[in-house]
Protein chains: 2
Amino acid sequence: MRIGDLATRTRVSVRALRYYEEQGLLAPTRSGSGQRHYADAAVNRVRLIQQLYGAGLSSKTIAELMPCVDAKVSTPESRARLAAERDRINAQIAELTLARDRLNDIIDVTSGPNPQCDYV
Amino acid sequence: MRIGDLATRTRVSVRALRYYEEQGLLAPTRSGSGQRHYADAAVNRVRLIQQLYGAGLSSKTIAELMPCVDAKVSTPESRARLAAERDRINAQIAELTLARDRLNDIIDVTSGPNPQCDYV
DNA sequence: CTAAAACCTAACGTTGACGTCAGAAGCAAG
DNA sequence: CTTGCTTCTGACGTCAACGTTAGGTTTTAG
């Protein structure tokens, strides 16, 4: 499929797809005239990339991990890397949970016993 | 206390503290010569700011919410805003959880049954 | 009193993941 | 054939939360 189709199917912009290639995350084949051609599997790959970006991984980190996904093999180094990212994500989840609870506290306090009725 | 002390106590850079003021998140008093002076309460306030930044809120959003925290009163609008941010954080936690599980899957698959022994 | 340390304002630099625009070329339909 | 949509390669623009540098003042330690 061509880049526009992939963009539509993944809901990722054409620019982003080119950017992913630039970062070494995606390697489409090229037609004679230079147009990119993607296999069906690219759809899932883009979704994985999006998910990892969403989790705060950088292009560089994702690029380092993709060969593991492709080859289904990890070196001790890449395994350590993966575990480190997982731990970072866990830490971030904990942080977000605290922030959320904090926000709920604020909501509770500021929604307090109808301020308009105090002293009335 | 002065800006350097606050920076030390909150582990936030001096530049960041000035930036927070610029964004309307912090309002220190000034000494005759123009130096910023912070009350002790500023320590907790900076921590709250950091926590909200960490949760992905923007300066603008935080600036809108601080008056509620100060006055301990929220308007229906600000309450909706707070709830919206909380929901966004919950969504983000869910996303991170999925990504983490995905990473764990990758770790499992790539750490598979000793690849070096296959076909040996 | 003096030198070092801390502070001030103003303003440009950084980073990452794209958005956007310019100009040229490929491709399906009538 | 040509109209119009898609794609191509640069390359500059964006945005947020600071980092950094410059040049000058204030405070503190000795």
Side-chain angles (χ1 to χ4, degrees), chain A residues 1-39 42-43 45-66 85 88-89 92 95-96 99, chain B residues 1-39 42-43 45-66 85 88-89 92 95-96 99:
Chain A
M1 88 189 71
R2 297 199 300 170
I3 199 168
D5 302 324
L6 183 58
T8 302
R9 289 172 65 176
T10 58
R11 292 175 198 176
V12 164
S13 75
V14 167
R15 176 68 175 96
L17 293 175
R18 294 203 188 103
Y19 177 73
Y20 295 167
E21 182 181 2
E22 199 178 309
Q23 300 299 306
L25 311 181
L26 221 46
T29 57
R30 296 293 185 126
S31 73
S33 60
Q35 297 203 345
R36 294 168 178 84
H37 185 263
Y38 299 87
V43 175
R45 195 184 182 95
V46 170
R47 287 187 181 141
L48 173 59
I49 293 172
Q50 284 280 102
Q51 196 165 26
L52 295 178
Y53 270 127
L57 305 214
S58 67
S59 290
K60 193 181 164 221
T61 303
I62 299 177
E64 286 173 27
L65 300 181
M66 290 316 257
E85 290 298 337
R88 198 187 50 67
I89 293 173
Q92 198 177 342
E95 191 184 343
L96 285 172
Chain B
M1 83 190 77
R2 296 198 301 169
I3 199 168
D5 302 323
L6 182 58
T8 301
R9 289 171 65 175
T10 57
R11 292 176 197 175
V12 164
S13 74
V14 168
R15 175 68 175 96
L17 293 175
R18 294 203 188 105
Y19 177 74
Y20 295 167
E21 182 180 1
E22 201 178 306
Q23 299 300 307
L25 311 181
L26 221 46
T29 57
R30 298 291 187 127
S31 74
S33 60
Q35 298 205 345
R36 293 169 178 84
H37 186 262
Y38 299 87
V43 175
R45 196 185 180 96
V46 170
R47 288 188 181 140
L48 172 60
I49 293 172
Q50 285 280 102
Q51 198 164 27
L52 296 179
Y53 270 128
L57 305 216
S58 68
S59 290
K60 193 181 163 221
T61 303
I62 299 177
E64 287 175 26
L65 300 181
M66 291 316 256
E85 290 297 337
R88 198 188 50 70
I89 294 174
Q92 198 175 342
E95 191 184 343
L96 284 172

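It should be emphasised that the depicted structure is a prediction, and the values quoted were computed from it without experimental measurement. To find a chain, count down the sequence lines: A is the first, B the second, and so on, and within it residues start at 1.
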What is the distance, rounded to the nearest whole Å, between atom [atom1] of [X] and atom [atom2] of [N]?
X      : N       : atom1 : atom2 : answer
H37(B) : dC7(C)  : NE2   : C1'   : 14 Å
Q35(B) : dA5(C)  : CD    : P     : 16 Å
E22(A) : dC8(D)  : CD    : C1'   : 14 Å
Q23(B) : dA17(D) : CD    : P     : 7 Å
R18(B) : dA10(C) : CZ    : C1'   : 11 Å
L25(B) : dC18(D) : CG    : C1'   : 13 Å
Y19(B) : dC8(C)  : OH    : P     : 18 Å
L6(A)  : dT7(D)  : CG    : P     : 10 Å

Does the pair L57(B) and L65(B) meet the rule for a side chain to side chain contact (heavy atoms under 4.5 Å, CB included), with working shown? CA-CA 10 Å; L57(B) 305 216; L65(B) 300 181; 4.1 Å; yes
Yes or no on side chain to side chain donor-acceptor pair (under 3.5 Å) for Y20(B) and S59(B), after CA distance, side-chain angles and deciding distance? CA-CA 8 Å; Y20(B) 295 167; S59(B) 290; over 6 Å; no
Taking only side-chain nitrogens and oxygens of R30(B), does any of them come within less than 4.0 Å of OP1 or OP2 of dT26(D)? no
Short side-chain N/O contact from S33(B) to OP1 or OP2 of dT27(D), under 4.0 Å: yes
Quick test of your reading of the model: are R88(A) and E85(A) salt-bridged, counting only N-O distances below 4.0 Å?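 The answer is yes: the pair qualifies as a salt bridge.
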Within the 4.0 Å heavy-atom criterion, would you say S31(A) contacts the bases, only the backbone, or no part of the nucleic acid?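 Nothing, no nucleic acid heavy atom in range.
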With a non-hydrogen cut-off below 4.0 angstrom, is R2(A) in contact with a base, only sugar-phosphate, or nothing?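 Here R2(A) touches the backbone only, sparing every base.
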Any donor-acceptor N/O pair under 3.5 Å between dT20(C) base and R15(A) side chain: yes
DNA chain C: K60(A) or G34(B), which has the more 5' nearest nucleotide? G34(B)
Give a yes or no on whether R11(B) atom CZ has more than 12 heavy-atom contacts from other residues, nucleotides or ligands under 6.0 Å away. no
D5(B)/Y38(B) under side chain to side chain contact (heavy atoms under 4.5 Å, CB included): CA gap, chis, key distance, verdict: CA-CA 9 Å; D5(B) 302 323; Y38(B) 299 87; over 6 Å; no
Let's see if you can work this out: which of [options] has an atom nearest to the side-chain heavy atoms of [X]?
X      : options                   : result
Y20(B) : dC18(D), dA17(D), dG26(C) : dC18(D)
S13(A) : dC18(D), dC18(C), dA17(C) : dC18(C)
R36(A) : dG19(C), dC8(D), dC8(C)   : dC8(D)

